Structures are given as structure tokens and as C-alpha cells.
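Shown next, in C-alpha cells, is the structure this report addresses.
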Amino acid sequence: MFQKVSDSDFIRGEHSALKFWSTREIFRKLREKNAGRPKWSFLDGPITANNPMGVHHAWGRTYKDAFQRYFAMTGHELRYQNGFDCQGLWVEVEVEKQLGLGTKNAINDYGIDQFVNECKRRVLNFAARQTEQSQRLGYWMEWDSPNELRKLAENVGSEEPVEYETARGEKVADAAHRLVSKLGNPDWGGSYFTFSTENNETIWTFLKKCFTRGKVYRGHDVMPWSGRSGSAYSQMEIADGRKLTVHRSLFVKFPLQEREKESLLVWTTTPWTLTSNVAAAVNPELDYLKVQMKRDGQIYYFAKENLNYKRLDKEFKEGFGRPEWSWPEDIGKLKTLAQILKEQGGFEELGTIKGAEMVGWKYTGPFDELPAQSQPGGYPPEKNLMDKTAVDCHLVVDGGRDSKGNAHVVAGEGTGIVHTAPGCGDVDHKIGIELGIVGIAPLGENGLFQEGFGEFTGRNAIDQETVDLVIEKLQEKGLLVSVEKYPHIYPHCWRTGDELVFRLVDEWFIDMDWREEIKDVTRQIDWLPDSIDGQNREVEWLTNMRDWMISKKRFWGLALPIWINPEDPSDFEVIGSLAELKERAVEGWDVLEGNTPHRPWIDAVKIKSEKTGAVLSRIEDVGNPWLDAGITPFSTMGYNTHRDMWEKWYPADFVTECFPGQFRNWFYSLLSLSTMMRYDETDDPAMKRPFKTLLGHRLVMDELGRPMHKSDGTAIWFEEAAEQLGVDTLRWMYLNQNPAVDLRFGLRDKDQPVALETPDGTITETQEGSPTCKVTSKPADEIRRQFLIPLWNSYAFFVNYARLDEFNPNDEQVPYAERQEIDRWILSRLQTLIQVAHESFQAYDTSRFVTTAGQFIDDLSNWYIRRNRRRFWRSKDVNDSDKRAAYQTLHEVIVTLCQLLAPVIPFLSERIYQNLVFGRDLVAGETETPADSKWPESVHLCDYPQVNPELLDEELNARTATAQRVVKLGHQVREMTNMRVRQPLAEIRITCSDPGQQAAIEQLAGVIQDELNVKKITAVENLDGIVQYAFKPNLKTVGPKYGKLLGKIRKELPALDPQALAPLRAGESVTIDLSGDSITLEPDDVLVSTEQSSEWGTADEQGVQVAISTVLTDELIAEGMARDFVRHVQQARKDANLEIEDRIQIRYATEEARVREMVETWQDYISTETLADSLAREESVEDGKSVNVGDFSVVLAVSVS
RNA sequence: AGGCGUAUAGCUCAGUUGGUUAGAGCGCAGCUCUGAUAAAGCUGAGGUCGGUGGUUCGAGUCCACCUACGCCUACCA
């Protein structure tokens, strides 16, 4: 017996379903059911375990769960391994904040081991937190117990053994950090953590392969550097941190030697780099102007084009290429060089000179007094250049060209003479190397000037005071020509927001000259959705990317397995495994043993060079964290340790991730690591792909399409959305969304705190202590209103009548063939939906499925149930097999629908399923499961429905669709002729061009008649006599035949006598004469439409034409009034909250004879419809309500008998 | 600066190989239906399909140029 259904209370229902799954261990049973079946390999992209989960994470995680559920229900074995991203600067940054450590030195003083342990703790704690949130999402993974993870976090750093219960329920005991290093291994199960030894060691395998192919090198490069973090930033990171910045830019004189009163005019936006000037570069092909200042006779050289060049003219008008990068309001338009010089007293042009003629001129640098400027070999000294100092190199040089052949020095923004500081700029560095000049690299790791820079020593390059000092010094020397504020796009630290400086660094790189191999692999993969052209985007990135900088001078991360001879940097080796390291170790293994292979422990290990015999130390750098995420197709599937398992699961069938950014991050690292890992194992690019299909999706935005930020309180935490909007609603919304388009989620009102009812009780703040706030979402509300509520109402309708009738779903089935056509129709529609479900999930297109399911729910609710209500209302009769057929049909449809929707809305589908097959109300609590039930214990243990070809009847589907179209047309006619549906009309005539449709209409005449409330339905061959026909040429067929005549045909055909064209409607061709041209038209060549007449309303659509008689007789009017009367009585019953079966007495008052006559005539009908025992007219009804019956007013009251 | 993409109703977007009167959802206005429904249905207003030119009997659709916007990449010393 079904439990009574009342309030939907979706969110409480979700809590109940969660409880049901956990007490019944449904997920474990699902895995057992599918063990040994064909595999579907999903690879989870690790989520950064550094903060709680927000609604932006939930989109991707909903995809992951929905596809996993679909493939589980279709009988596949899955891995169910979630991943946490654990290592890297983002964790360090948060831990630094937490511990109040501002600099790398502070971390060193605090103790790297303590710091690293704290990083581990933070990751474990947020992994626990995200696990709980993911479980609330209904995300079925083999989760570690959150509290067990927290226990590990607490004990990290202690050698005391702790007992840990693995995800598979096994109890293991050891020191916490040793347990932590093994998390996610194939024996324990549970999420993978990228800090695990397995993960790190597999990256070593990768790096060893790179090394073997000669791709690992140490590079000296000038790179963006953060003084605060003490670290260089890779290309990937810089892309995320660019900002519009205003710098003071300077025009400066470089006085020429041996040329009295003559100077080069140079320009810079980074004044601090003038301290490190070495050369001045020109373009030999440009014309340079020689001008003399009127004020003091000084002569300047600069590029001719630059004199009147309108600097940043376009940017001033249009900004810098992004909406948020518009020209700063407080900065005026930049002056031209000519303006600047005029303001200083004017100038005279003395002539022009080619750049080539200037090359070789010697000049005096702006800061030649600094000791670094006079240091042989530059600063730091370069061994091969010990014969010169920076001052010796102060020459005008040829700027040269880049790899694409473009000149480095161009006219435009500056002066055409480029201040060159090979220690402070990327291009400068390259020029320096080419020309063999020394470099000066003034900054230490902390971003401060080092010794040898006089008053600058100890100053921070990005401080304003440093710029002030430069300006002051230049003024003293008379070298400063002009200062201005100059806006441009400048790299910043993506975490701290600090400006980056360009600094000469030595970092470790992978030479990516094997990019073509990666591109070949990329082309073997399906990139979805098609519209974003992911494959080309990835290939484009691979074409343009530079060598991969894999090192970072930090503390928490992969220990790069590179051991180097401190005396000779060319003497280095890459170690491929811990076993190899142990074998090679000559010192310090005892420090590492028992600890994880992280800093600081691993730094103690030294090996001996096989080449030179020197003792090698590990470089102190840690690895780029995208290595951590990119190695997972190997590490998590057991490439090194469980090769047989790896062979079964690699490559992954599917990955999905938010795509902006990932083309250069995760997707890139997966592809390159996999290509390298497999280079010595196969030549087939298809065998090297880490995954077969990728589904990318865009970003979650607020309701107005703006990004949501944690910092300004607009970001929505997962629980805020889950407990206010409902998870099923969210999931439907995510799966409904076009993945190529940003999802406009909703708004969080940070000024409106709310208490949330969670499965664990009421909360008013998150675990991190921020208040939980009101969240609104229009798309979520719409989803709930359009799909979930109608689904619920359909279910509630079924249950509440089935209870009254004591319907038992296990009763003998009425054979399908004996059921009414409408039953067979909804079952057939259901088969179509099943088919679409399989197709959509297999094509990773959830939007298609969810949209189709929505249409089905509409058909179910607004056609099947509405049209069948009377079958369910009929009084109880055990022999009423038609009624039983209706119940059985509806039961089967809703149960199947739940199975189909289980991957989408796992909670609601479970709740409905439980009541429909076990009579269990999940919210009310647990009940026993009948032992003999043929039904699986949970909807999620069901096999996914398969199409039953016997029930699929395309023709019936089409037939009903036609009837629905006719009904729609009929409603249109009623609307246009102002005839309400309750007013019966005499006749509808229908005609259509397609014989199939004609037959359909005849078969479903009863339905159409009923829906449209007409007395007679006639299928006719044509509507002659009722309507006027209008003829138009069918351009698609006539166009190709008559070409240029078409214009005339279009104009003249409609004006012809309809009689002359009549044969066309009978299927015959007609030859007509149009101003001298003879035209033969086939029936297909014309389109016929109808025009209204006074007594018939007409409408047409897709070849179907209907006409409804609008002539009213007194009988028809009276019947319409009767229906109005019934309708108002019903409303009164509803208003009085009467039960459906209550019998009533009706009293009414009216002046109108026609109403009285109508009631007499229709008394029986009214009484039956409204369950009235009496129907009495009174002079006045004081307690009644005035209503309109037809054109007349009636006062009406009802009371229970 | 280079590459890619987009431009259609107040908003968000569909629009097949070129074809007749350019659609949907939301919002707005009106009407209708309703004893499962917190719904739903129908109608309407609102469009020079970014602009200019071209190909064609015919262009929202194809081509060229222009404008605006977005994304990616690079970058101004």
C-alpha cells in the first residue's frame, strides 16, 4: 500500500534519501552488482583541497556523477575515485596567512618540516570538508570517511601510530604521515591525493623519461618573479595575473661620448632597471632624427616616426582589450614627443640619420657609479665575459630580430632607442646573449636590490620610493627629460596581487620540441562540445607554447628528482624512482627514510655522479603542480605498481572539466605527460591518449553574468545553494545547461543571513565561520516549477487515487494490446524517451536528455493524466479492468521515469520509486523491504530501462502529435473568435494534405472533439464554401524551374482567379498564362492557405487546416451556461476545502429566466458533476458569491449535505 | 599587434543544403482551462537579422570590406 503523498518538501526528501542510501549501503551494493562487468573508465580531475566547495565546482561534479550513474546502471564496472589536488603555491599561500608568515625567510625560520606538515593538514581538512559537501550533492565516489581524514590531519607530524579506517573498511595503523603518503592506493580505495608518494614517484618516472630523451635542462632566463613569494612564475600562471597598471615612465638622456652635448633619448616604464643599463639598441633600418633644444642647445637622437606618434591613442579611446581594462579616469591623454619637447622650450630639427650609422657610438650610462656597473663579467659575473664590464658595453647596438623575423626595436611608443638591461628583461636578455655583452641582474630572490647598487641596495624594486630615488638621481645628473604616468598591462602575482618584476633566474625546463607528438595525440581525442572547437584550441596552444618551466623555488610540492653538482651545473642527473635513489644514495638516506619524499627530508639525500664521481645534491626547487594533476592517468591506475590494473583502465573513457584555462593547464599536462610516458612503448598516437573523450564546460556566473568572488561575498558556498534551492533542482539545472555557455546561477545576498536546515542540523555559518546567506536563483526556480513540481504532482495524483482504490501494482497485468490507445501512446512516448536517454548519455549530451524528459513530463501531466482523470475518479469496482489498465500504465510510466531520471535527480527519483514499489515514505522513516519483491532495493540498483520495441509505436506517437496540433489550432480559432472553451460549438471541419494525418485525425476524432468541446467533427477533403483560398508559389520548387520569372509569378499568382487554380488542390497540374509567359504548375509548386469567413473561424499549420463553426444556437448557449455553472460550483467546493467525495447542496439566485430554464434542462448533469443532492433556486442567497454564467450574473452557495 | 569567434525581440539564445509570414524561453499585456497541479495553455505588442557592397530569380544564411564585442596568444623597452 502506498503512503499518502502530500507536501513535496524536496529538500527534506533529499536528506532522507541520503540517510536511506547510507544505512542500506546502496552504493556498496551497486559496486558489488557491477563487479567484473565491462569497464567504463572515468578519470577525475583533482579538485584543489584548499577551500570549501562552491556552486561553481558543483556543475562539473554533477556531470561526473550523472555519467557515472548512467554507466553503472547500464552494467559497467567503475573506479569511482575522486581526486584531491594537494601540492603547490596555492596551499602555501593560505598556510602562510594562517601562520602569519610573510616571507620565505620566515618559513625557513619556522621550519620547513613544520610548514610542510601544516600544508598536509590543511589539505586533509579541506579534503574532508569537500567530501562532505560532495556527498550532499549525491556524488557517489569511494569516499574516505571525513572524520578519519581529520584524524590524520590532527596527527600529522607525530611519530605516534594512529589507527585509520580505509574507505574499504580495513583498519591500518602507522604514523599519520606515512598513512597519508599511501592514501588512495588500490588496496585501500578512497580518493587519490596528489601528494601521495605514488603520485610523486610516477612523476619521477616521467621526468626520467624526459631526461633520457635529453629534454631536461637548466635555463637562465629573465622571468616574471614575485619577490614576496620568492619564486618565478610559469607562462601558465602569468596568464591569470595580468592587470592594467599605471607606471611612471621616464624619458632619459644617455650622453654620447666624443660628441659634445649630444645624447640618445631613451624611454622606460620600469625606472629601476636603469641601474642595470648595459646597452642602447636601435633598429638599423629606421630613420633617426637629430634635434636641437632651443633652451640649452642640447642635441637628442630618436626615431623620426616617434616625433609626432600618437602614443596609446587607440587605448585612450578603446581601452586595453578587455572590458575591465578601460583607460584610467585620472590619467590624461599622452603627449606626443614633439609636444613634450615643445613644452621644454622648443626644438629645431637638424637632420636625419640611419640607425645603422649610430651603431657603435659610445655613451655614458645613467648609473655608472654603481659598483655593479664596473664589475668584470657583469653582475653576477659571467665566466666567458670577464674581459668587460657593463660600462665597457655602453654602446649603441643593433636590436636584431626575433625568431619570426620581426625587429626587436620598432618606432612607436618610445623613442626608437631601447634601454637594454639584459638582467631585467626577457628580450634584453636575448639581445645580450646574441651580442655577447654582460648583464646586470640587480635583484635577489626577495625582490630587493643586492650589494653593489649603492643607495639602491636593500630597496624593493616595486616600491614607489625606489622610483622616486631613480628620478631624484637622474635630476641631479641632469639626465631626466620628462616623467609621465603611463598605463599598460603588466603581470601580477595571481595570488597576492603584487606586481611581478623581471629577474634573471635559473630554473628547470622541459624542452618541448616534441610538441608535434603531443598534437598527434590531441587529434585522437573527441573534444566536446563541438561548438568550442577544443581540439583546435589545444593544438593552437601546443603550437605557441614555450618550454615548460617545471621548477619553483618554494617548499611544498613535488620534490624535483634532479641532483646536481654544485661546482658544475652541467653535471646533473634525474632519478626515476625512490628505489633508484636509495641505491644511489651516498648520504642522508636515513633522514628521508620513514618520511614522505618531500622537502626538507629529501634534501638531505646525496648521490654520486656516475660521470664525474662528484657528490650531487638535490636542487631545492619543487615541481609545477600541473605535473601532479597530469600524471594521474598513470599514478592512480597503477602504472608503476599494478601494471595489470593499469592496462585494464587506461586510457580513461571520459574526463570532464571546466575549460577556460584548462587547455593550457590540466588538458595540456595530461596530454604531454601521457605522450612522453608512452613514447618508448608505442608509436600509435591513439595508444598514447590519456583519455578518449573530453567534455568541457564553461563558468558559473551570477544572475547578471558577472563573475562571483569570494572576496566580495558574491560567491555561493555549496551548502547555501543545496539547502535553499535543493540539490535535485541544481543538478537538473546544471545538466540542462549548454556546456559552451556560462551558467548564470543566481545571487547571494550577503546582507541577509539565513539559517539552513542541513542533514546534520541547523547551521547559521559555514564550518569556516562565514555566515550562511540568502541565495536566489531564477533558473533554479524555473526548473523546479517546470519539471520537478509537475513530476511530483503527477506522482501525487497517482498515489492518492491509487490509495482510495487500493490499487495493487502486483495485480495481474492488463495486456498492453487490451489497453486504451492513450495508454499505449504514453507507453510508446516513454520508449522514445528511453531511446533518447541512451543516445544522449552516450554522446555526453545531458542537455538533450533533460530537455526531452521535460517535454515528456509535460505530455504526461498535461495530456495523459488530464485526459484520463475520469478513469481514475470512477467509483471503485474490482472488475474495472480499464481502470486497472490506467493505473498500471501510469505506475509503469512513473517508475520507469524515475529509473531514467535517477542519474539526474537521484534523490527525488529514489523517493518516488520507494513509495511506488515498496510503499515506503522515505521522509517518514524506514520500513522493512518485502523479502520477495521483484524490485531492486533502490532505484539506483535498477538496470537502466531498455526500449521495448513492442511498445514503441512511432505511428501512434505521430498520430497523437497531429491530434495535439489540431487541438492547438482549435484553441487558436476559439481565441480569435472570442469563444471560450466551455461554450460548446456545433462543428469542426478538418482537412489536411497528408493522408497519414488525415487518418490520424479520424482515429482521434473523439479526443479532438472532447478537447475542443464541439458537437460534431468532420474530416473533409477541402474547406470549399467555408473559406477563401489563397495561392502562393512554392519558391523552393518553382525557383529552380523558372528562375528570373519568379518575381512575376510571385506577384501575379495570388491575383489570379482561384477557380482557375482549383485543380491544383485536386492534385492536377495547371498551365497558366502570365503576361505572355506560359507557366505550368504542379500541385507541389503552390502553397494554399485559407482566409476566414464570418460563420467559421479557421486556422492552419503545416498542411493541416481547421474550421470551427461559430454560430450559436440557444441550445449551445444553454449548455455553455451549464458548464459555467458546474465550474463555479466546483470552485466553490474547492474554496470551502471540501473533500473530493463530499456531497453537497446548492442554492442559487438569479433574475434571468434563461438561467432558470438552463438549470431545469441541465439539472441532472449539474448534480452528477458536482455531487449535489439538491439544486435549489432562492430569491436571494445572502451567503453566496456572485458569478457569471454565460452573459448573466448568478449568486451561488454550496454547503455539505 | 596577431589568431579565432560572435553580432537575430526588452533579456538569454535557436535558425538545417540559400526559399515564402525569422522562431523559442523569460519578462510584459490580455484571454482561456482547471476537483492532481504551487500549475498549464493560447493570443498579442515588440525585429531596417550590426553596417556597406557583392554573388543569386531569391541572402538572417554564401563572399568582401567596415564597425562593435568576446576569447586565445603575444607584448610596448
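Worth saying up front: this structure is predicted, and the values here are computed from it rather than measured. Just so it is clear: chains get the letters A, B, ... in the order the sequence lines come, proteins before strands, and each one is counted from 1. Keep in mind that the numbers below use all heavy atoms, side chains included, and drop hydrogens, waters and symmetry copies.
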Of all the nucleotides listed (B/rG25, B/rC76, B/rC33), which has the minimum atom distance to the side chain of A/Glu782?
B/rG25
In terms of side-chain heavy atoms of A/Gln786, which of B/rA77, B/rC26, B/rU37 is nearest?
B/rC26
If B/rU6 has a Watson-Crick or G-U wobble mate with both distances under 3.5 Å, name it; if not, just say none.
B/rA68
Which nucleotide in B/rC71, B/rA36, B/rU32 has an atom nearest any side-chain atom of A/Arg866
B/rA36
Identify which nucleotide among B/rU73, B/rA77, B/rC71 has an atom closest to any side-chain atom of A/Asp428, counting heavy atoms from C-beta outward.
B/rA77
With ring-ring contact (aromatic ring centres under 6.0 Å, His included) as the test, would you mind laying out the steps for A/Phe798 and A/Phe2 before giving the verdict?
CA-CA 10 Å; A/Phe798 169 82; A/Phe2 309 114; 5.5 Å; yes
Quiz item: A/Asp7 side-chain donor-acceptor pair to B/rA38 base, under 3.5 Å
yes
Base, sugar-phosphate alone, or nothing: which one does A/Arg698 contact when heavy atoms must sit under 4.0 Å apart?
nothing
Quick one: which of B/rA77, B/rA36, B/rU37 gets closest to the side chain of A/His419?
B/rA77
Without decimals, in angstroms, what is the distance between A/Lys778 NZ and B/rC26 P?
13 Å
Is the ring pair A/His488/A/Tyr486 parallel, tilted or perpendicular, if the boundaries are 30 and 60 degrees?
perpendicular
Could you tell me whether A/Arg1127 contacts a base, only the sugar-phosphate backbone, or nothing, with contacts defined as non-hydrogen atoms closer than 4.0 Å?
base
In terms of side-chain heavy atoms of A/Glu540, which of B/rC26, B/rG3, B/rC33 is nearest?
B/rG3
Would the base of B/rA77 count as contacting A/Thr273 through its side chain, where contact means a donor and an acceptor less than 3.5 Å apart?
no
Verify the contact: side-chain N or O of A/His408 to OP1 or OP2 of B/rC75, cut-off strictly under 4.0 Å; return yes or no.
no
Determine whether a donor-acceptor pair (N or O, by modelled atom type, separation under 3.5 Å) exists between the side chain of A/Thr273 and the backbone of A/Thr270.
yes
Have A/Arg803 and A/Asn800 got a donor and an acceptor in their side chains that come within less than 3.5 Å?
no
Nearest-nucleotide comparison on RNA chain B, the residue closer to the 5′ end among A/Ser861 and A/Val741
A/Val741
In terms of the nearest nucleotide of RNA chain B, which residue is placed more toward the 5' end: A/Asn862 or A/Tyr801?
A/Tyr801
At under 4.0 Å between heavy atoms, what does A/Gln1131 touch on the DNA or RNA strands: base, sugar-phosphate, or nothing?
nothing
Round to the nearest Å and state the distance from A/Met979 atom CE to B/rG41 atom P.
25 Å
Give a yes or no on whether the ring-centroid distance for A/Tyr490 and A/His247 is below 6.0 angstrom.
yes
Using whole Å, report how far CD of A/Gln855 lies from C1' of B/rG25.
12 Å
Side chain of A/Arg744, backbone of A/Ser777: donor and acceptor closer than 3.5 Å?
no
Is there a donor-acceptor contact under 3.5 Å from the side chain of A/Arg664 to the main chain of A/Glu538?
no
Please state the P separation for the pair B/rG3 and B/rU48 - nearest whole angstrom.
32 Å
For nucleotides 58-62 of chain B, tabulate all protein N/O to nucleotide N/O atom pairs closer than 3.5 Å, reporting atom names and distance.
none

Using the ring centroid of each side chain, check whether A/Phe872 and A/Tyr887 are separated by less than 6.0 Å.
yes
Say you pick atom C1' in B/rA68 and the same atom in B/rG54; how far apart are they, in whole Å?
23 Å
Checking all strands, does A/Arg982 fall into the base, sugar-phosphate, or nothing category for heavy-atom contacts under 4.0 angstrom?
sugar-phosphate
From CZ of A/Arg664 over to P of B/rG3, roughly how many Å is that when rounded to an integer?
21 Å
Taking CG from A/Leu804 and C1' from B/rA36, how many angstroms apart are they, rounded to a whole number?
12 Å
